[in-house]
Amino acid sequence: MTYPELPASHPELEEGILRIWEEEDTFHASLRAREGEPEFVFYEGPPTANGRPGVHHIISRTIKDLVARYRTMTGHHVTRIAGWDTHGLPVELEAERQLGISGKAQIEKLGIAEFNRVCREGIFTYKDDWERLSQRIGYWLDYENAYVTCTPEYVESVWWAISEIERKGLLYRGYKVVPYCSRCGTGLSSHEVAMGWADVVDTAVFVKFHLIGDPDGARVLSWTTTPWTLPGNVALAVGDEIEYLKVRVVGDSESGSGKAIAEPGEVFILAKPLMERTLRHEVEVLEVMTGADLVGRRYEPLFPGAVDADGAEAGRSEGGADGAGGAEGPSAAWTILPADFVTMEEGTGVVHTAVMYGEDDFRLGAQTGLPMQHSVDGEGRFVERVPGGLAGGHVKDPEVEHGILAWLTEHDLLYRSEKYPHSYPHCWRCDSALLYMARDAWYARTTAVKERLMELNASIDWNPAEMGTGRMGEWLANNVDWSLSRDRYWGTPLPIWVCDADEEHRDVLGSYEALAERVGALSSEFDPHRPDIDEYEWDCRSESCGGRMRRIPQVLDAWFDSGSMPYAQWHYPFENEEEFRVHFPADFIAEGVDQTRGWFYSLLALSTLLFDETSYRAVVVNDLILDQEGQKMSKSRGNVVDPWTAIDRHGADALRYYLMSVSSPWLPKRWDPDGIGDVERKLFDTLRNTYRFFSLYAGLEGWTHENSGARPPSERSVMDRWLLSRTDSLAEELRAELEGYELTRAARRLSGFVLDELSNWYVRRSRDRFWATRPDAETKQAARDAFATLHETLRTTAALLAPFAPFFADWLHRALAGESVHLADYPVSAGRIDPDLERDMRDVRELAVLGRAAREQENLRVRQPLRLLRAVVPGGRRPSQAVLELLAQELNVKRVEFLSDTDDIVRLVVKPDFGRLGPRFGASTPEVARLVQNLEPEQARRLRAGDSIELELGGEDVAIAPDEVSITEVASGELVVRSADGYLVGLDRMLDEELVAEGIARELVNRVQRLRRDSGLEVSDRIELGIRGSDEVESAAQEHREYIAGETLAVGVQIGGEGDGGSEEWRDSELDGHAVRIGLRRAR
RNA sequence: GGGCUCGUAGCUCAGCCUGGUUAGAGCGCACGCCUGAUAAGCGUGAGGUCGGUGGUUCAAAUCCACCCGGGCCCA
């Protein structure tokens, strides 16, 4: 056979391979090939297909594919089912945009049915983009059996999960404080909130709270920038340790301000550090106290009746958002409580607490059992209970705000007000100021399994480990109950039906059968989505209740959907029980850091709640791809990079390899097109060239691997044995790293091998073995050995490379072995690792670096042979003779000798080993180090010989052992010397006639080769050669005639003489100041 | 505001967990070599107050504290 020619470019190669994969269905073939083998379980985190995939999606897809391919090659069956996340706000927002509507009011006006129809249509807008991109980058995934989170089957499994949580008593109804747009009637996600910050000027008020039973009639001063929350006030918070003052007004309001209202003799309490900034009156201090002294004091409500002392939104708060539970009765209302969120930065040091209208407030309320009752309704209007004519007014209406101030003034509750400029979040759709409001919500009591969550999390192999202990660990340690419900439309409907007569009566359905049991058979077209599902109702089954069961209006948090995929993708527990068991938990998942509180959490939380188990054993986290300036890519910045440009230009392999090798997956990366080009040029072009070299000469020599004629590896040349040893070592090292998910380390190691060892050393140093110039048996055999070695190594390299760069690896493997690499096994060592040989080669390569530097320094070109190289290797090692031959060739020297310390050109340099001396001598270390560096040669020699020596340190003798120093040789004298890291070379630069003649001969060869090439000859063409020049040149040519002829494939060499000698090509050139004339013609 | 994370050469990154006195690599740049892989290959060199300040230590890129800057997540 002949080895095929490479396609012109990487992208072209990849497209060819894609066609082959499609024709052969290689993906499924690779699955079938591992049928019955151990399962390696992978979960695909479902993307939302209503947005375009970008470069940041490529990195996690590359990681996933890499691991899946690797595990397949190590003999595992790797099920890879695609999935689509189809519910949630992104889909709804897109639908709103398409419909040209905005907000809940408009959606409901349009009708939920129509709205959800548009949502459903939009979920796969970019599905093709995703599939196309995934396919193009070689991400093998089963798209035919993809799970889709909005199908009836999927939803039913999710229902089952919710009913299980209910069955375990971990489902409850409570409140959650959310940024809420009262116009749109919806809470906003943090992402939406972030879009709507604006600088506004609000009215901040200082309010007097009248203490009950205080001997001085003191009023506690508090402060707020949201006066509308004052009717909802149920407590004041102080810092336990903070110093507070009780002061009496002794004078009038200071001139100018005029607005602060207080009578002489009025008594205030506030934090000492904030007194000056707060008060506008002259005061005398009556008493100094701490927050702890104030705790427990009661005060009069500002707006009597606005909140009932024992009020709660009718039995809904079973535990509070923190699951703290423990309502202690109404006594906590309108008292002073301790809290850790009180700061001295603004206000009075006394924090007005309206439980329903602030995150801190709510938490405090839940912990202490404060009444949880709204003073503002869902449309942002004060409820009937609020006095002062405020009821029914919108809280941000200026007139209503005015009314609040009027009420306060009227009842002597206002000290003063001020304009307060700050940033405040607004609805990005309608610009209304957002209200932080507690909203009705359903929770999973994850806090009940918090310890278990942390335990299971600790058992997960997080990559990087800090992600598990740090970000995820911290998050779990501060776990709060999972808010499951969303006041939206397009989502899994919560399967919760509540009785209209008694809220304690509820049905949480875990299957469609359970629904059918209550409402009669469902149609075959049954779809669980709103609004149809809202129509189902039935009589309460509780004894003599008489109420009707109605579905709560909320839908489910979409993270619950995606976190349910381990069972929902199989429609477990309704079918496929066996598949579920086999595929749970996952051995491996990989997603971006932003999933810590998203999918990583929802997967773990659900499997813990449902199965008391983790749902993934190992996870590789990746960070974002930033733009070239280090900024996050976002549509609004307009800096989103299209991955196709890079793929079309450099190929998917280069992009994948770049992403894996540039830095660890979990570090943010700047998008660097040049870096991708570098990978293409360095790694892939090198591999192409290496292959091209192989196939060119294998073709010329008629060598094939089926009939290689090579000797067993152990009988081949030292270079072959070295390369096979390295290849075996590499396979072992890569396996270990890939098992440990050290993907970047593995990628770098592999490209290091290809570039430095395979191409730059093995091929470069072995080239002439691939053309059997002299047809003797020995040369032929050496060539066959070399072909076999290079063939095997390239083939192994293809297999090692396959998970990283599936296209090129497959092309190469097919070219060399005739079958897909993705059906092959990942290489293992064939037992040819020779540590001594590898070490010798490392030594020699270090020496080569120094030798080249020495030549460079003296302007001694490599074609000029030199007599002698003297060398030192650390530890007194002596590389074997065969390996030294390679060094002699590389540096073009006749002989390599090793220096010994008896040589007079060697000087010993002793360096202190601080790691040993430091602990022993402590503060005297620098002094000892100085002495060691200035030892007499005799003492250095004794250390070198393994004896200890005595030094005088501060009048005392101390012994220095040989292992407390390191000793290196430095040469001096006539040699050109270079040294580093214990290695040393000394080059004898003296030339004699013989060496000069040989140098000339090599120059001549060089000139002839150039002329050959410029004349358009094939590398295997034979020539007739003519050389003319000075006596020196001609005699050198004469002397090395055979060498020149052999190197240039000259069948005849004519030296000197006249005329053109029949040559077709002539060239005049110069050689070390000698004029030279070279002629050649192709021999017949 | 809180948590996590990153900051090392012009660029992209190692090294930091486990402190050791001369901080590495690749790219780019300059110079050179080689040429039977040739729209290839190899080498040499210049280039860094390791974000800043303070601390611990005989010794700090490395450990600690604070600060500055980028990023993510959460408020």
If the [atom1] atom of [N] is compared with that of [M], how far apart are they to the nearest Å?
| N | M | atom1 | value |
| --- | --- | --- | --- |
| B/G15 | B/U56 | P | 29 Å |
| B/G51 | B/A39 | C1' | 43 Å |
| B/C63 | B/C50 | C1' | 16 Å |
| B/G71 | B/U8 | P | 15 Å |
| B/C58 | B/G1 | P | 39 Å |
| B/A60 | B/U22 | C1' | 16 Å |

For nucleotides 6-10 of chain B, print each protein N/O atom paired with a nucleotide N/O atom at under 3.5 Å, atom names and distance only.
none

Please state how far atom [atom1] in [X] lies from atom [atom2] in [N], giving the value in whole angstrom units.
| X | N | atom1 | atom2 | answer |
| --- | --- | --- | --- | --- |
| A/Asp768 | B/A37 | CG | C1' | 14 Å |
| A/Arg852 | B/C42 | CZ | P | 10 Å |
| A/Phe684 | B/A40 | CZ | P | 18 Å |

Study note, to complete from the structure: When every non-hydrogen atom of A/Ala646 is compared with those of A/Ile676, the smallest separation belongs to CB-CD1, 4.2 Å
**Study point:** Check: A/Ser766 side chain, A/Arg764 main-chain N or O, donor-acceptor pair, under 3.5 Å
**Key:**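 No.
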Check your understanding: Ring centroid separation for A/Phe693 and A/Phe770, is it under 6.0 angstrom?
Key ->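 Aromatic pair counts; centres sit under 6.0 Å.
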Practice item. Show your reasoning for whether salt bridge (charged side-chain N to carboxylate O under 4.0 Å, His left out) applies to A/Glu890 and A/Arg852. Key: CA-CA 9 Å; A/Glu890 170 75 4; A/Arg852 284 190 293 257; 2.4 Å; yes
With heavy atoms under 4.0 Å as the rule, sort [X] into base, sugar-phosphate or nothing.
| X | answer |
| --- | --- |
| A/Ser759 | base |
| A/Asn760 | sugar-phosphate |
| A/Arg855 | nothing |

Using Watson-Crick or G-U wobble geometry with both distances below 3.5 Å, tell me the partner of [N], or none.
| N | value |
| --- | --- |
| B/G26 | B/C11 |
| B/G41 | B/C33 |
| B/C63 | B/G55 |
| B/C4 | B/G71 |
| B/G48 | none |

Review point. Any side-chain donor paired with an acceptor under 3.5 Å for A/Asn1006 and A/Arg1002?
Key: no
Check your understanding: Side chains of A/Ser663 and A/Lys669: do they bring a donor and an acceptor to under 3.5 Å?
Key ->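 Checked: A/Ser663/A/Lys669 side chains pair up, N/O donor to acceptor below 3.5 Å.
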Could you write out each protein N or O paired with an N or O of nucleotides 28-33 of chain B at a distance under 3.5 Å?
from	atom 1	to	atom 2	distance (Å)
B/G28	OP1	A/Arg681	NH2	3.3

In Å and rounded to the nearest 0.5 Å, what is the [atom1] to [atom2] distance from [X] to [Y]?
| X | Y | atom1 | atom2 | value |
| --- | --- | --- | --- | --- |
| A/Ser759 | A/Leu683 | OG | CG | 10.5 Å |
| A/Thr793 | A/Leu723 | OG1 | CG | 3.5 Å |
| A/Met719 | A/Thr789 | CE | OG1 | 11.0 Å |

Exercise for review: Please answer whether B/G36 and A/Trp771 are stacked, defined here as ring centres separated by less than 5.5 Å and planes angled under 30°.
Suggested key: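 Aromatic stack with B/G36 present for A/Trp771.
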Revision key, fill the gap. On RNA chain B, more 5' by nearest nucleotide between A/Leu700 and A/Ser663 is A/Ser663
Practice item. For A/Leu696 and for A/Leu917, locate the closest nucleotide of RNA chain B by heavy-atom distance; then report the residue assigned to the nucleotide nearer the 5' terminus. Key: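 It is A/Leu917, whose closest nucleotide lies nearer the 5' terminus.
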Review point. More than 12 foreign heavy atoms under 6.0 Å from CD of A/Glu927: is that the case here?
Key: yes
Check your understanding: Does a side-chain N or O from A/Lys669 land closer than 4.0 Å to OP1 or OP2 of B/U12, or not?
Key ->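 Indeed not, no polar side-chain atom of A/Lys669 lies that close.
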Practice item. For the side chain of A/Ala853, starting at C-beta, report the closest nucleotide among B/C13, B/U44, B/G15. Key: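 Among the listed nucleotides, the one closest to the side chain of A/Ala853 is B/U44.
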Review point. Can you check whether A/Thr779 reaches A/Trp771 side chain to side chain, under 4.5 Å on heavy atoms?
Key: no
Review point. What does nucleotides 55-61 of chain B look like as a protein-contact string, B for base, S for sugar-phosphate only, - for none, at under 4.0 angstrom between heavy atoms?
Key: ---B---
Practice item. Run the numbers on A/Tyr657 and A/Phe804 for ring pair (Phe, Tyr, Trp, His ring centres under 6.0 Å), then give the verdict. Key: CA-CA 6 Å; A/Tyr657 213 93; A/Phe804 298 90; 5.6 Å; yes
